[in-house]
Amino acid sequence: MLTRKSADVIVIGAGVIGAACAHYAARSGLRVLVLDRGPVAGGTTGAGEGNLLVSDKEPGPELELALLSAQLWRELAEELPSGIEYEAKGGLVVASGEKEMAALRDLAARQRAAGVTADEVPADRLHDLEPRLAIGLAGGCHYPQDAQVMPALAAAHLLRAAGGGRVRVRLGEEVTGLLTGAGGAIRGVRTAAGEYHAPYVVNAAGAWGGEIARRVEVDLPVRPRRGFILVTEPLPRVVRHKVYAAGYVADVASGSAALQSSAVVEGTPAGPVLIGATRERAGFDRTLSVEALRRLAARATELFPVLAGVRAMRTYVGFRPYLPDHLPAIGPDPRVPGLLHACGHEGAGIGLAPATGLVVAQALTGGEPLLDIAPFRPERFSPAA
Ligand SMILES: Cc1cc2nc3c(=O)[nH]c(=O)nc-3n(C[C@H](O)[C@H](O)[C@H](O)COP(=O)(O)OP(=O)(O)OC[C@H]3O[C@@H](n4cnc5c(N)ncnc54)[C@H](O)[C@@H]3O)c2cc1C
């Protein structure tokens, strides 16, 4: 049995969020142990697209986190020793009619006031940006800050590049319990291999973050919000930006359990076009939904008619970690000293990972956070709050 002090901090989860927390904690000089029951990026991170979007966010705390993250991703793309397929390609949001265009214009104006660059594109200029786009659209908005990474590579390189060998990763080890000591403070975690001791534990277990919290009788209502992605055969560059219909923003913000299917279309360096993604609350059910895929294909071909003649190569499914107010839980949990959370990022965890990792590292080292993390308080759902 392992019983020695294992690290300054233990991170549960080797998805992109756990990797970013480990990365910035190690850069702050802490010794980090990352535990995952599966492989790196074997949870939702390996099942998502890699959109780093500011364009789909209303002004508010999530947009602030996204703007900080966008800056950090640019820096990481320079710093990480090998490619994470970072592409600063920009986003193009398109409106099908005048009513949608008016709503998009209004959102863009409010986003500009919050620091986002958003350039309106009149209908007759859309094809300068995206030559294969459908005709007859009412216009759009170009967001140069939107970018893209390959999520699994990004998680792996964040872990590998973290400061001077200060991160150890143990895969295939499930955390079965959290250890607490005097006054209920965190002492470490338990796995089948034994106990690992540390004064801090970061819950970066994504859609399973609620289960980790329950192990110390803390309520954190993280639920899965399922999404399918359709992957085409490799194509020459037919889609240059991240392109999506303005209605997508409303789908993201919706709390409905029903199937939603506005498409986000993006090319990849390897050639396949990713068509994402449906949203629905259906538990952890991985059953293939033909209806979800049919809708995705229909929405994508509405935007890019050229895709109608293209074969779908495969599809995959993932579970966004969803909290009822669509904001993640980030930071120390006052109910359990030594426990921090970094989960519940729903459909934006790839984009929000670096800023999350940085503010968690600042909380661990007592540094002044770069932004106000009060809106992400993990205890905000408990009746006492
Ligand atoms: C279809 C789809 C498309 C998406 N597209 C995008 C996008 O374009 N841009 C974007 O920003 N986001 C996107 N997302 C969302 C994004 O993928 C998630 O927000 C993000 O991956 C969450 O990362 P995470 O590290 O919190 O969770 P995960 O990647 O799920 O990592 C959690 C890890 O914890 C481990 N774990 C859980 N319980 C235990 C335990 N008891 N012991 C040990 N290990 C444990 C799991 O094995 C897992 O590896 C998409 C999601 C889906 C489903």
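Only heavy atoms go into these numbers, but all of them, side chains included; no hydrogens, no water, no symmetry mates.
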**OP:** Check whether any side-chain heavy atom of Asn51 sits under 4.5 Å from a side-chain heavy atom of Ile350, and report yes or no.
**Re:** no

Subject >> Closest heavy-atom pair and its distance - Thr232, Pro272 >> reply: O-CB, 3.2 Å

**OP:** Check the pair Arg380 / Leu323 against side chain to side chain contact (heavy atoms under 4.5 Å, CB included), numbers first and verdict last.
**Re:** CA-CA 11 Å; Arg380 65 189 187 273; Leu323 278 164; 4.0 Å; yes

Original post:
About how many Å separate OG1 of Thr278 and CZ of Arg294, when rounded to the nearest 0.5 Å?
Top reply: 12.5 Å

Original post:
Does Leu80 reach the side chain of Tyr86, with side-chain heavy atoms less than 4.5 Å apart?
Top reply: no

Original post:
Would Glu49 and Lys242 satisfy side chain to side chain contact (heavy atoms under 4.5 Å, CB included), going step by step from the backbone distance to the final call?
Top reply: CA-CA 11 Å; Glu49 295 157 282; Lys242 339 214 66 89; over 6 Å; no

Subject >> Separation between OG of Ser55 and NE2 of His241, rounded to the nearest 0.5 Å >> reply: 12.0 Å

Original post:
Side chain of Arg225, backbone of Glu346: donor and acceptor closer than 3.5 Å?
Top reply: no

Original post:
Do Glu379 and Arg335 sit within salt-bridge range, that is, some charged N less than 4.0 Å from a carboxylate O?
Top reply: no

Subject >> Arg166 side chain vs Ala26 backbone, donor-acceptor pair below 3.5 Å >> reply: yes

**OP:** Mind running salt bridge (Lys or Arg N to Asp or Glu O under 4.0 Å) on Glu87 and Arg237 for me, showing each step along the way?
**Re:** CA-CA 14 Å; Glu87 287 188 277; Arg237 205 67 163 175; 2.8 Å; yes

Original post:
Do the side chain of Ser96 and the main chain of Leu137 share a donor and acceptor less than 3.5 angstrom apart?
Top reply: no

**OP:** Can you establish whether the number of heavy atoms outside Tyr143 located under 6.0 Å from its atom OH is more than 12?
**Re:** yes

**OP:** Please check if Met150 and Val16 belong to a single hydrophobic cluster, counting links between Ile, Leu, Val, Met, Phe, Trp and Tyr side chain heavy atoms closer than 4.5 Å.
**Re:** no

Original post:
Can you tell me how far the CG atom of Leu220 sits from the CZ atom of Phe381, to the nearest 0.5 Å?
Top reply: 7.0 Å

Original post:
Would you call Arg279 and Tyr322 a side-chain contact if the rule is heavy atoms closer than 4.5 Å?
Top reply: no

Original post:
For Leu133, does its backbone N or O pair with a side-chain atom of His127 as donor and acceptor, under 3.5 Å?
Top reply: yes

**OP:** Take Ile12 and Leu178 through the side chain to side chain contact (heavy atoms under 4.5 Å, CB included) test and state the conclusion after the steps.
**Re:** CA-CA 10 Å; Ile12 305 173; Leu178 299 187; 3.8 Å; yes

Subject >> Under 3.5 Å donor-acceptor, Asp119 side chain and Val121 backbone >> reply: no

Original post:
For His345 and Thr356, which heavy atoms make the closest approach, and how far apart are they?
Top reply: NE2-OG1, 3.0 Å

Subject >> Over 12 foreign heavy atoms within 6.0 Å of CZ, Arg125 >> reply: no

**OP:** Treat each ILVMFWY residue as a node, draw an edge where side-chain heavy atoms are under 4.5 Å apart, and state whether Leu171 and Val32 are in one component.
**Re:** yes

Original post:
For atom CD of Glu217, is the number of surrounding heavy atoms from other residues, nucleotides or ligands below 6.0 Å larger than 12?
Top reply: no

Subject >> Contact summary for Leu92 and Leu129, nearest pair of heavy atoms >> reply: CD1-CD1, 3.9 Å

**OP:** Please check if the side chain of Ser28 supplies one atom and the backbone of Leu30 the other of a donor-acceptor pair under 3.5 Å.
**Re:** no

Subject >> Cluster check Ile229, Leu53: I/L/V/M/F/W/Y, side chain < 4.5 angstrom >> reply: no

Original post:
Side chain of Lys89, backbone of Gly267: donor and acceptor closer than 3.5 Å?
Top reply: yes

Original post:
Are any non-hydrogen side-chain atoms of Leu303 and Val239 less than 4.5 angstrom apart?
Top reply: no

Original post:
Roughly how far apart are Leu68 CG and Leu352 CG, rounded to 0.5 Å?
Top reply: 10.0 Å

**OP:** Could you tell me whether the side chain of His326 reaches within less than 4.5 Å of the side chain of Lys57, counting heavy atoms only?
**Re:** no

**OP:** Answer yes or no: is there a donor N or O on one side and an acceptor on the other, between the side chain of Thr44 and the main chain of Gly318, under 3.5 Å?
**Re:** no

**OP:** Please step through side chain to side chain contact (heavy atoms under 4.5 Å, CB included) for the pair Leu293 and Leu288, ending with a clear verdict.
**Re:** CA-CA 9 Å; Leu293 300 180; Leu288 184 89; 3.7 Å; yes

Original post:
Looking at Glu280 and Arg295, does any basic side-chain N land under 4.0 Å from a carboxylate oxygen?
Top reply: no

Original post:
Got a second to check how far Leu235's CG is from Leu307's CG, nearest 0.5 Å?
Top reply: 7.0 Å

Original post:
Out of curiosity, Leu296 CG to Thr301 OG1, how far, rounded to the nearest 0.5 Å?
Top reply: 10.5 Å

Original post:
So Phe284 and Trp208, would you call those rings parallel, tilted or perpendicular, with 30° and 60° as cut-offs?
Top reply: parallel

**OP:** Without swapping roles, check the side chain of Arg320 against the backbone of Arg226 for a donor-acceptor pair under 3.5 Å.
**Re:** yes

Original post:
Is Thr176 reaching over with its side chain to a backbone N or O of Arg190, donor-acceptor style, under 3.5 angstrom?
Top reply: yes

Original post:
Ala14 and Val34: which non-hydrogen atoms are nearest, and at how many Å?
Top reply: CB-CG1, 4.0 Å

Original post:
Which heavy-atom pair separates Glu62 from Ala348 by the least distance, and what is that distance?
Top reply: OE2-CB, 3.7 Å

Original post:
Any side-chain heavy atom of Val116 sitting closer than 4.5 Å to one from Gln145?
Top reply: yes

Original post:
With hydrophobic residues grouped by side-chain heavy-atom distances under 4.5 Å, do Val238 and Val231 end up in a single group?
Top reply: no

Subject >> Side-chain heavy atoms of Gln148 within contact of Thr268, under 4.5 Å >> reply: yes

Original post:
Does any non-hydrogen side-chain atom of Asp56 lie less than 4.5 Å from one of Tyr244?
Top reply: yes

Subject >> Considering all heavy atoms, the nearest Val167-Ala22 contact >> reply: CG2-O, 3.8 Å

